[in-house]
Number of protein chains: 2
Amino acid sequence: MEELIKILQSKNIQPSHQRIKILEILEKNKGHMNVNMIYDELLKEIPTISKTTVYNTLSTFAEKGLVHCLTITPEEMRYDYDTKPHHHLLCTQCGRIIDVDVRCAYADAMEIDGHSIEEIQGYFKGTCKECLSRDKAKH
Amino acid sequence: MEELIKILQSKNIQPSHQRIKILEILEKNKGHMNVNMIYDELLKEIPTISKTTVYNTLSTFAEKGLVHCLTITPEEMRYDYDTKPHHHLLCTQCGRIIDVDVRCAYADAMEIDGHSIEEIQGYFKGTCKECLSRDKAKH
DNA sequence: TTCCATAATTAGAATTATTATAGAATAATA
DNA sequence: TATTATTCTATAATAATTCTAATTATGGAA
Ligand SMILES: [Mn+2]
Ligand SMILES: [Mn+2]
Ligand SMILES: [Zn+2]
Ligand SMILES: [Zn+2]
């Protein structure tokens with residue numbers, strides 16, 4: 001709790017009740033949540049929460065570098081509380097978005113082909129190992 | 001024209017008037033168009049074209065591997081007629097989506113971390129070299 | 001050619017994620 | 001306390017995409 005407030009303050013974000021709770025949810029659920037997942041979790045604790053607040057807060061968090069935005073699913077934005085550079089796999093079978101451990105040659109590059117780069121998104125789409133082994137078991 | 005029909009047939013797509021024209025537009029405009037860009041071009045030649053047809057056709061093309069779908073812009077889908085594996089830069093200044101020539105270590109990989117992969121999307125976001133040099137000129 | 005079954009196209013409605021707006025609540029300040 | 005700025009909420013607006021049902025085009029059999 002105190003921790004969360006400190007995190008927000010370190011990024012110059014006023015630690016409101018709603019913002020703290022949203023940050024808490026991001027920390028607890030290590031996945032790559034979309035707005036509705038976060039909103040549904042929030043409803044349990046703040047029944048009056050507005051979805052607009054979730055959108056606004058996540059925009060603020062993204063601006064201040066507290067979360068990363070993923071466009072790996074075409075329908076909606078996903079939010080990643082892990083801001084260390086890493087890539088993602090979208091399993092087309094179970095729909096999960098999974099961190100993948102790859103050594104990206106450009107992770108620390110500041111430019112590419114003469115263009116300056118500020119952000120890198122690496123997306124893989126396929127079948128996750130859990131789904132693969134479930135399929136194999138079913139045989 | 002005959003060329004385009006052959007391409008469609010080779011992918012088992014009936015070469016209808018609309019589909020041929022959409023393919024023609026994709027070939028001509030080498031960019032990374034969205035549905036509205038394609039639709040606006042089409043209107044010049046087929047004033048009765050329906051946006052639903054554009055969506056349906058592009059879905060078919062994507063299914064049959066004739067185009068690749070890019071989710072680099074969060075608002076809308078972009079379509080790439082160049083299906084050879086390559087990555088993209090979104091210039092946050094001019095909005096263009098530009099092919100980048102990088103040697104991706106995973107381009108030909110079939111699996112990663114135990115997950116099987118069918119598709120790779122590599123996105124860079126930053127400022128393109130044209131915008132950089134324009135900025136510098138303005139000084 | 002004519003008829004029929006099927007596939008493709010169209011217009012418009014429905015869905016859904018996101019953004020804009022304006023007022024209410026809350027917190028900060030003096 | 002009174003004033004001011006910030007945050008939050010509810011609702012409306014926007015825009016991409018999908019769904020639906022009706023219409024049109026197409027290819028093959030008779
Ligand atoms: Mn992640
Ligand atoms: Mn491209
Ligand atoms: Zn899976
Ligand atoms: Zn640019």
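All values reported here derive from a predicted model rather than from experimental measurement.
Taking Cys69(B) as the reference, Ala62(B), Met77(B), Tyr79(B) meet the side-chain contact (heavy atoms from CB on, under 4.5 Å) condition, with sequence neighbours excluded. Under the side-chain contact (heavy atoms from CB on, under 4.5 Å) criterion, Tyr55(B) pairs with Val35(B), Lys51(B), sequence neighbours left out. For Lys84(B), the salt bridge (charged side-chain N to carboxylate O under 4.0 Å, His left out) criterion is met by Asp82(B), not counting sequence neighbours. Under the rule for a side-chain contact (heavy atoms from CB on, under 4.5 Å), the partners of Met33(A) that lie at least two apart in sequence or sit in another chain are Ile25(A), Asn29(A), Met37(A), Ile38(A), Glu41(A). Under the ring pair (Phe, Tyr, Trp, His ring centres under 6.0 Å) criterion, Tyr39(B) pairs with no residue, sequence neighbours left out.
Contact check of residues 13-30 of chain B against DNA chain C (heavy atom, cut-off under 4.0 Å) returns Gln14(B), Ser16(B), Gln18(B), Arg19(B). Applying a 4.0 Å cut-off to non-hydrogen atoms, the residues of residues 49-71 of chain B that approach DNA chain D are Thr52(B), Tyr55(B), listed by residue number.
Here chain B contacts DNA chain D (any atom closer than 4.0 Å to a heavy atom, that is under 4.0 Å), and the contacts span dA16(D) to dC19(D) from 5' to 3'. On the nucleic acid side, DNA chain C has its first and last nucleotide under 4.0 Å of a heavy atom of chain A at dA17(C) to dA20(C), going 5' to 3'.
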List the atom pairs, donor and acceptor, that lie under 3.5 Å between side-chain atoms in residues 5-18 of chain A and the rest of the protein, sequence neighbours left out.
| unit_1 | atom_1 | unit_2 | atom_2 | d |
| --- | --- | --- | --- | --- |
| Ser10(A) | OG | Ile7(A) | O | 2.6 |
| Ser16(A) | OG | Arg19(A) | N | 3.2 |

Donor-acceptor list for residues 104-114 of chain A side chains, cut-off 3.5 Å, not counting sequence neighbours:
| unit_1 | atom_1 | unit_2 | atom_2 | d |
| --- | --- | --- | --- | --- |
| Tyr106(A) | OH | Arg103(B) | N | 3.0 |
| Glu111(A) | OE1 | Gly114(A) | N | 3.1 |
| Asp113(A) | OD2 | Asp101(B) | N | 3.0 |

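Under a 3.5 Å cut-off, the side chain of His88(B) and the backbone N or O of Asp99(B) do not form any donor-acceptor pair.
A donor-acceptor contact under 3.5 angstrom links the side chains of Thr73(A) and Glu76(A), judged on distance only.
Salt-bridge formation is not detected for the pair Lys125(A)/Glu118(B): no Lys NZ or Arg NE/NH1/NH2 atom is positioned less than 4.0 Å from an Asp or Glu carboxylate oxygen.
In the helix from dT1(C)-dA30(D) to dA30(C)-dT1(D), the terminal helix axes, each the rotation mapping four pairs' C1' atoms onto the next four within five end pairs, subtend 10°, rounded to 10°.
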